[in-house]
Structures are given as structure tokens and as C-alpha cells.
Amino acid sequence: MSGEDARKIFAVETVSRRVFATFNYEEVKLPTIEEAALFLRTIGESSDIVEKQMYVFKDKGERTVALRPEGTAGAVRSYIQHNMAATGGITKLFYCGSMFRYERPQEGRYREFYQIGCEYFGNHDAVCDAEIIVVARKILSDCGVKNPKILINSIGCKECRPRYAKSVGEYASSIKENLCDDCRRRIGRNPLRILDCKTDSANLSGFPLSENYICSGCKERFERVKQILAAQNIAFTVEPKLARGLDYYTGTVFEITSEKLGAQDTVAAGGRYDNLVEDLGGKPTPACGFALGVERVVLASDGLPQVCAKKIFVAVAENTFTDIALNLAMELREKNLTVEGPLPGRSLKSQMNIANKLGFGTVIIFADEEFKNKEAIIKDMSTGSQTTVKIEKIKDII
Ligand code: HAM
């Protein structure tokens, strides 16, 4: 990854951290490697991620481990292991880091990619589902992703989801000959996955809709999620066949897409997973979360915000000005500015060229005439304008 690519990832991360902080989420660091069984139990044995995409291997202790394909399983494990429920009330976590999925790489789909995600534990109210969507939407808009499309659905809870899955399976059986090999296998194992199949997306029109199968509790909650989003002026589309490719979801699920992207157009996705904490050995705890693909956010953005500190280059016309220029550079660093130079031994012209090439917006020039009056020039590289200032005053002006 080039410096420029890393800077873009840093920009998305900086925006996300700020937004998470405003919603009171706390950062957690999750292990890159976990026992493979954790992902089998959470994402689901018959999911594409587990069946085809996980990097699984034996470590030197003959344990079967996997490079994490996503963050939710690790976050839930960490929530239980560190007894975060003990604080009572709610726990809100976020994480940033590389995820690994063995896929055929193409634009927006990589084998190692960077995800930023969050998980909200302990709140079963629709306010929580809506907050997750609002947070994702806010990060995307602050990252310059224009007109993202929010697709939402409810796939039902422990009680009603199996009813919906059964009906999807029955319908799939009836049109079996039109489905791909993978979906034929899914009929008996995990029918809802058929709704997420990219190969069969053209064959989905006659499939049952979740709204006709979910229970009244799920319906009520989903209505409330929609009301809260509407009241916050968040535009969304109900997509009644949105099911998501991971098994742990219950109730609200969502995806956010960008028309700027090609085939891989989902920039962020998530939903509620009320059974997962209990399934992994914790107390029954409602939970909800999402993750965004940072590379996809970069691709979908019309312009990432400038998040790096102001960059100042200090240039000297004479080697004898070096010490005083170095002192100024250190004073500016105390103000958390990014400072480069001076580069004595190179001509002033060459130093200016370097500053320009490295994208420094401001250059402070210790030039001969001005130096005699204890002054230096501040040059704005974008406009070319120059002002002459007393050297002792520069640190207060910049
Ligand atoms: P996911 O839909 O598997 O959900 O991934 C979330 C996002 O990660 C996708 O929308 C996409 O932007 C990005 N992504 C996935 N695979 C790739 C890839 N191969 N290359 C580039 N970007 C990719 C999850 O991972 C869930 N853990 C989200 C969640 C959190 N649900 C609840 N909490």
C-alpha cells in the first residue's frame, strides 16, 4: 500500500473515531487470529465466509486457527471474556483493522481488507437499531460518500425466522432447476443464504417476503426503526429480500450501497444479533452492529476530508541559518504540526521544489535580506502569496 493509500485509510479511520466518540463508543483491539471454531459457531458453517473464504490453518500447537474474516465474533467473545456486561446497562465498542477472506480479488474486493465496525450490547429497543444505521450514515457522509442508499429489512427472531427460512426453502425447492449448485445445496442447510446469492439474484423475484412471516413483535420493532429513521431525516428503502450472508442476524438487517461502486457496491452492512452472546456462553444480551469496508469507502468518496495536521516546510537560503530554523521547526512540532526541513546543503530552489513535491502547503523561508532584520518569509504554496514576519512571532502566527 502506498503512502497515499495509507493516508486515505487514515482519513476514514480519523472520521470514524470522531463519529464513534460523539456516540460514546469505546475502541477495542481484537486479535487477528482466533480459534477457527469461533467463526464456525457465529458466522455459520454453511455461510460462504466459513465454507469458502476463511484462511484456516494449524498452528505449532496443532490448534486450528483462522485469520479473522470479520470483527463481530471476536468482539462478542471479548465482551463475554472481559465480563463487560458487569457494568450493567449498555456497552458500545468499535474496532478498526485488517480482515481476511479468500476471494477472487477485483476492484473493491480484496483478500486482506480494512474494516471499521461497531457493536452495541444491552439495548433491545429499536432506538439501538436506528442508532447503528445513523452512525454508519454519518461516517459515510463525513467521508464524502454522496447519496448512499440504505436498504433495510427484518428477517425475524429466534421464533419467526425459522418459519420464514422454511418457506424460502420450500419455494427454492420448487424452482431448484433454475438455481446454481451452491443454492441447491443451501435449500436443506441454510435457505436464507439463497436470497444473498449473487449468481441467482435474477431468480429471486417469486421468493416469499419476510414481512409475511415475521411475528408481531418483530413487525412492531421494525416499524419503530423505520419511524425513528424517518424522524431523523434518514432516507431508506425497505428491501424485503435482504437477508445478509452471515447466520447470526435476527430482526433488523441493513446494507448501505453506493452507485459509484461497481459489482461490489456495499460500503457498510450490519444488523441485530440478539442470540449471539448467549450462543457463545454469555448471558442473554441483545446486540446490534455494523462494519464498513474502508477501501470501498475510499472508492465511493467524492473527496475525503483533510485530517492530517497542517504541513510546514522550513527552508534556508544559507547553511548558517540552520540552527535557528531547526529551533523554529521544533517549536512548531510542539503545536502538533507536521514539519519538514531545513535541508542545508541544498539550494533554496531545490528545497522549495522538494516542499512542493511533498505537498507542503506552507513554506517558511529563511532568506538573506529578511534574515538581516530578524525576519523570515511565510509562503502559501497554493496561492503563491508571501508575507514577511518577525522570526520570534512565527510560532504564534502559524
Ligand atoms: P460483512 O457484510 O461481511 O459484515 O462486511 C461488512 C463490509 O465489509 C462490507 O459491506 C464491505 O464493505 C466490506 N467487505 C467485506 N468483504 C470485503 C472484501 N473482500 N474486500 C473489501 N471489502 C470487504 C460483517 O463483516 C459484519 N461483521 C458486520 C456487522 C458488525 N454486523 C454486526 N456487527
Name each donor-acceptor pair under 3.5 Å that joins a side chain in residues 391-398 to protein atoms two or more places apart or in another chain, with its distance.
none

Give the table of side-chain donor-acceptor pairs shorter than 3.5 Å for residues 226-234, with sequence neighbours excluded, one pair per line with atom names and distance.
| from | atom 1 | to | atom 2 | distance (Å) |
| --- | --- | --- | --- | --- |
| Lys226 | NZ | Glu223 | OE2 | 2.9 |
| Gln227 | OE1 | Arg224 | NH1 | 3.2 |

Pairs of donor and acceptor atoms involving the side chains of residues 111-120, under 3.5 Å and at least two apart or interchain, shall be tabulated with distances.
| from | atom 1 | to | atom 2 | distance (Å) |
| --- | --- | --- | --- | --- |
| Arg111 | NE | Glu103 | O | 2.7 |
| Arg111 | NH2 | Glu103 | O | 3.2 |
| Glu112 | OE2 | Ser98 | OG | 2.9 |
| Tyr114 | OH | Glu13 | OE1 | 2.8 |
| Glu119 | OE1 | Tyr273 | OH | 2.7 |
| Glu119 | OE2 | Thr72 | OG1 | 3.0 |
| Glu119 | OE2 | Tyr95 | OH | 2.5 |
| Tyr120 | OH | Asn123 | ND2 | 3.0 |

What pairs of donor and acceptor atoms, side-chain ones from residues 357-376 against any protein atom, are under 3.5 angstrom apart with sequence neighbours left out?
| from | atom 1 | to | atom 2 | distance (Å) |
| --- | --- | --- | --- | --- |
| Glu369 | OE2 | Lys372 | NZ | 2.9 |

For residues 167-175, dump all side-chain donor-acceptor pairs below 3.5 Å to protein atoms at least two apart in sequence or in another chain.
| from | atom 1 | to | atom 2 | distance (Å) |
| --- | --- | --- | --- | --- |
| Ser167 | OG | Tyr213 | OH | 2.9 |
| Glu170 | OE2 | Lys166 | NZ | 3.4 |
| Ser174 | OG | Tyr171 | O | 2.5 |

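A donor-acceptor pair under 3.5 Å is formed between the side chain of Arg109 and the backbone N or O of Arg104. In this structure, the side chain of Arg161 does not engage the main chain of Thr250 through any donor-acceptor pair within 3.5 Å.
Counting heavy-atom neighbours within 6.0 Å of Glu45 CD, excluding the residue itself, gives a total of 12 or less. Within 6.0 Å of CZ on Arg184 lie more than 12 heavy atoms contributed by other residues, nucleotides or ligands. The local environment of NZ in Lys149 is sparse, with at most 12 non-hydrogen atoms from other residues, nucleotides or ligands closer than 6.0 Å.
Shown are Asp247, Asp182, Asp48; of these, the salt bridge (charged side-chain N to carboxylate O under 4.0 Å, His left out) with Arg193 is made only by Asp48.
If you take CG on Asn147 and OG on Ser141, they are separated by 11.0 Å, rounding to the nearest 0.5 Å. Between atom CE of residue Met84 and atom NZ of residue Lys92 there is a gap of 15.0 Å, rounded to the nearest 0.5 Å. Atoms CD and SG, on Glu131 and Cys288 in that order, are 9.5 Å from each other to the nearest 0.5 Å. Between atom CZ of residue Arg101 and atom CZ of residue Arg68 there is a gap of 11.5 Å, rounded to the nearest 0.5 Å. Between the CD atom in Gln106 and the CD atom in Gln264 there is a gap of 4.5 Å [rounded to 0.5 Å]. Atom CZ of residue Arg137 and atom CD1 of residue Ile150 lie 5.5 Å apart, to the nearest 0.5 angstrom.
Clustering of Ile, Leu, Val, Met, Phe, Trp and Tyr side chains at separations under 4.5 Å leaves Ile214 isolated, with no partner residue.
Between Arg189 and Glu51 the shortest heavy-atom distance is NH1-OE2, 2.7 Å. Cys160 approaches Cys215 most closely through the heavy-atom pair SG-N, 3.3 Å. Nearest heavy atoms, Val12 versus Leu292: CG1-CD1, 4.3 Å. Closest approach of Leu151 and Glu239 over heavy atoms only: CB-CB, 4.1 Å. In plain terms, the two heavy atoms of Gly245 and Ser47 that are nearest each other are O-CB, 3.5 Å.
Side-chain contact check for Lys241 versus Leu209: some heavy-atom pair is nearer than 4.5 Å. By the 4.5 Å heavy-atom criterion applied to side chains, Glu278 and Lys158 are counted as neighbours. Residues Ile9 and Asp5 form no side-chain contact, since every pair of their non-hydrogen atoms from C-beta on lies 4.5 Å or further apart. Inter-residue side-chain proximity for Val76 and Tyr248 is flagged as unmet; no heavy-atom pair is nearer than 4.5 Å. Using a 4.5 Å heavy-atom threshold, the side chains of Ser16 and Phe94 count as separate. Between Gln351 and Val316 the shortest side-chain heavy-atom distance falls below 4.5 Å.
Residues satisfying the ring pair (Phe, Tyr, Trp, His ring centres under 6.0 Å) test with Phe290, not counting sequence neighbours, are none. Not a single ring pair (Phe, Tyr, Trp, His ring centres under 6.0 Å) links Phe57 to another residue, sequence neighbours left out. Listed by chain and residue number, nothing satisfies the ring pair (Phe, Tyr, Trp, His ring centres under 6.0 Å) test with Phe222 (two or more places apart in sequence, or in another chain). Residues forming a ring pair (Phe, Tyr, Trp, His ring centres under 6.0 Å) with Phe10 (at least two apart in sequence, or on another chain): none. With sequence neighbours left out, the side-chain hydrogen bond (donor to acceptor under 3.5 Å, both in side chains) criterion links Tyr249 to Arg244.
Applying the ring-ring contact (aromatic ring centres under 6.0 Å, His included) test to pairs two or more places apart or on separate chains, none has a residue in residues 176-205.
Counted by atom type alone, Ser210 and Asn153 present one or more donor-acceptor pairs between their side chains at under 3.5 Å.
At a threshold of 4.0 Å, the pair Asp274-Arg221 counts as salt-bridged, since one of the basic side-chain nitrogens sits closer than that to a carboxylate oxygen. Classification of Lys335 and Glu331 as a salt-bridged pair fails, no side-chain N sitting under 4.0 Å from a carboxylate O.
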